[in-house]
Amino acid sequence: MFSKTALVTLTYLSVAFAQQVGTLTAESHPALSFSDCTEGSCKQSALSVTLDSNWRWLHTTSGSDNCYDGNEWDTSLCPDGETCASNCALDGADYPGTYGITTSGSELELKFVTKGTYSTNVGSRVYLMADDSNYKIFNLKNKEFTFDVDVSNLPCGLNGALYFVEMEEKGGLGTASNKAGAKYGTGYCDAQCPHDIKFINGVANSEGWVPSDNDANAGSGTLGACCSEMDIWEANSISAAYTPHPCSVTGPTACTGTDCGDGDDRYQSVCDKDGCDFNSYRMGDKDFYGPGGTVDTASKFTVVTQFITADNSTTGDLVEIRRLYVQGGKVIQNSVTAVDGIDESDSITTDYCTAQKTAFGDKDAFSERGGLSVMGDALERGMVLVMSIWDDHAVNMLWLDSTYPTDADPAKPGVARGTCATDSGKPEDVEKNSPGASVKFSNIKLGSIGSTY
Ligand SMILES: *[C@@H]1O[C@H](CO)[C@@H](O)[C@H](O)[C@H]1NC(C)=O
C-alpha cells in the first residue's frame with residue numbers, strides 16, 4: 001500500500017514539476033521596441049527579448065545544487081534525459097550582470113565576455129518575444145526586414161548574428177517535461193542540427209554527452225536539434241554573409257545518427273548545412289564591406305533584406321532574397337558578383353545559387369533540400385528572430401572572414417572570404433584578447449517592400 005502510494009506521488013511529481021522553472025532569480029525580459037511598417041509610416045510596439053535556456057543556471061527543482069556544471073551533467077540528478085528533465089529547473093537571468101545583455105529603447109547590446117560574481121559568461125543568444133510567454137513569429141514572404149547594426153567592436157573570429165529559425169511560438173512548452181517554455185528561452189534549433197542543446201523536446205540531452213575538449217561551457221549529446229534557418233546577418237567588422245538554409249523537416253525536429261549530418265555525413269543531414277551564401281568578399285568585391293569600405297564598418301549602418309515572391313503575395317513561391325544598405329543617409333546597393341562562371345548578380349536567386357555551387361566546386365545541398373522554395377515554406381509557416389554573439393570552437397569563424405579551407409589556394413574561386421589571418425579567431429585568443437567586444441542591433445523593422453528605409 002505504501003509503495004503504491006509512493007509510486008503515484010512520484011508520478012504526479014514528475015508530471016507537475018518536470019523541467020520546472022527556478023525562482024532564485026526573477027525572470028524579467030529586457031524591453032526592446034520594434035516597428036511594423038507600411039508605406040509611409042511605422043508603428044512602434046514595446047516587445048522584449050529572452051535569453052536562450054542553454055545559458056541559464058540549471059539546478060535542482062527543490063534547491064540550488066547544479067544539474068549541469070561547466071560542461072558536464074550531474075550523473076545522479078541526470079541518469080537519463082527524462083529523469084533529468086524532471087529533477088532540474090531553469091532559473092531567471094540577471095541580463096546585464098551575468099550575461100552582458102542590455103537594452104535601451106530600440107537598441108540591444110550583446111557583450112562578448114562578462115565576468116559575473118559566480119562565473120565568466122562567453123557569448124549569448126536571445127529571442128524576440130511577442131509577449132512574456134510567446135516568441136514573436138515572423139512571416140517574411142513579400143516583406144522587408146530591416147535593422148541597424150554596429151559591428152565596429154567585432155574583430156576577426158567573432159560573429160554578431162541576426163537570423164530566423166523555425167522554433168515553436170511557445171518554445172515547446174508542454175512537450176514531454178517542458179514546463180519552462182519560451183519565457184525561459186527553450187526550443188532552439190537550427191540548420192546545423194546542433195548537439196550542444198541541453199533540452200530537446202522537453203527531454204535533457206544528457207545521454208551520450210561528451211564534454212567539449214576546447215569549450216569549458218559546452219558539450220554534445222546524442223540528440224541534435226534541426227530546423228530551417230534564414231541567416232539575415234552573420235558578420236563582424238571584416239566580413240558579412242546572408243544565407244538561406246532549408247531543411248526537409250517541418251519545425252523543430254530532434255535528430256540522431258546520419259540525419260544530424262555529423263562529420264563525414266554532413267550532406268546526409270535533413271538540413272542544408274552549407275546554405276547558399278552571399279558574402280561580398282567571397283563573391284569578388286573585396287572593397288565593398290569592411291573598415292573604410294563602401295559599407296564602412298567603422299560606424300553604424302542599416303541592413304535591408306527583401307523576400308521577393310513570384311506573384312508578389314505573402315503566399316507565393318520565394319524566388320529572390322535582395323539586400324541593400326543605408327549609411328550616412330545614402331542608400332547603397334548590394335555588391336555585384338565578379339566571379340568567372342557566375343552571371344553578374346547582387347541578390348540570391350536559384351540561378352545565383354546553382355552557379356555559385358558549380359563555380360566554387362561545392363556540393364549543392366541547397367537545391368537537394370529544396371532551395372529557395374522550401375526556404376520560403378518555412379518563412380510562410382513563421383520563424384523566430386534570434387540575435388547572438390559567438391566565437392567558433394569548431395573552425396575559428398574562418399568560413400566567414402578568412403581563407404577557408406585554410407590549406408586551399410586563396411586564388412581559387414570561393415576560398416577567400418575575408419582578410420582575417422588563417423590562424424585568427426581561436427576562441428582562447430579572442431576571449432583573452434577581445435573580451436570587451438560587442439555587437440549592437442537597433443531599429444528592428446518589418447514591413448511591406450520599400451517601407452522600412
Ligand atoms: C511584382 O512587383 C514588381 C515590382 O513592383 C513588378 O515589377 C512585377 O511585375 C510584379 N510581379 C507580378 C507577378 O505582379
Side-chain angles (χ1 to χ4, degrees), residues 34-44 136-149 162-164 166 228-233 240-246 272 275-280 283-285 288-289 294-295 301-339 342-357 366-367 369-383 385 443-453:
F34 168 84
S35 293
D36 267 307
C37 303
T38 48
E39 223 159 313
S41 74
C42 292
K43 200 172 120 276
Q44 282 208 344
K136 181 171 172 63
I137 298 295
F138 286 81
N139 302 97
L140 293 167
K141 273 187 174 177
N142 196 37
K143 297 280 194 219
E144 181 174 280
F145 180 88
T146 294
F147 62 98
D148 295 348
V149 67
L162 183 152
Y163 58 106
F164 290 93
E166 197 182 358
S228 293
E229 172 177 350
M230 176 65 228
D231 294 330
I232 302 275
W233 189 248
Y242 74 104
T243 312
H245 293 268
D272 165 28
C276 170
D277 63 301
F278 197 113
N279 167 336
S280 294
M283 299 317 299
D285 189 339
F288 184 72
Y289 182 91
T294 308
V295 174
F301 51 89
T302 302
V303 181
V304 181
T305 310
Q306 300 171 329
F307 295 89
I308 311 297
T309 58
D311 62 358
N312 296 335
S313 83
T314 56
T315 54
D317 209 27
L318 181 71
V319 292
E320 184 175 12
I321 308 172
R322 281 194 204 135
R323 162 60 48 83
L324 50 89
Y325 298 87
V326 185
Q327 190 170 35
K330 205 174 98 218
V331 175
I332 303 167
Q333 298 302 323
N334 194 22
S335 64
V336 176
T337 58
V339 178
I342 303 179
D343 290 345
E344 284 189 3
S345 174
D346 64 356
S347 71
I348 291 177
T349 61
T350 298
D351 285 351
Y352 162 84
C353 294
T354 308
Q356 193 232 42
K357 298 293 180 186
F366 180 71
S367 45
R369 293 292 167 273
L372 279 182
S373 182
V374 166
M375 185 75 250
D377 294 344
L379 300 184
E380 188 175 336
R381 287 190 297 265
M383 300 178 85
L385 175 61
N443 287 317
I444 302 171
K445 298 175 188 172
L446 176 71
S448 51
I449 306 280
S451 69
T452 64
Y453 67 96

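In what follows, every heavy atom counts, from backbone to side chain, and hydrogens, waters and symmetry copies are set aside. Predicted, not measured: the structure shown is a model, and the values here were computed from it. Both ligands and their constituent atoms are indexed starting at 1 by order of listing.
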Are S373 and D317 linked by a side-chain donor-acceptor pair shorter than 3.5 Å? yes

Evaluate the ring planes of F278 and Y352, with Trp represented by its six-membered ring, and classify them as parallel (under 30°), tilted (30 to 60°) or perpendicular (over 60°). parallel

Starting from atom 5 (O) of ligand 1, find the nearest protein heavy-atom neighbour and note its residue, name and distance. N312 ND2, 4.8 Å

F138 ring center near F307 ring center (under 6.0 Å): no

Look at atom CG of D343 and say whether more than 12 heavy atoms of other residues, nucleotides or ligands are closer to it than 6.0 Å. no

For A310, counting its heavy atoms only, list the atoms of ligand 1 lying under 4.0 Å from any of them. 13 (C)

Take atom 7 (O) of ligand 1 and look for protein heavy atoms under 4.0 Å from it; say yes if you find one, no if not. no

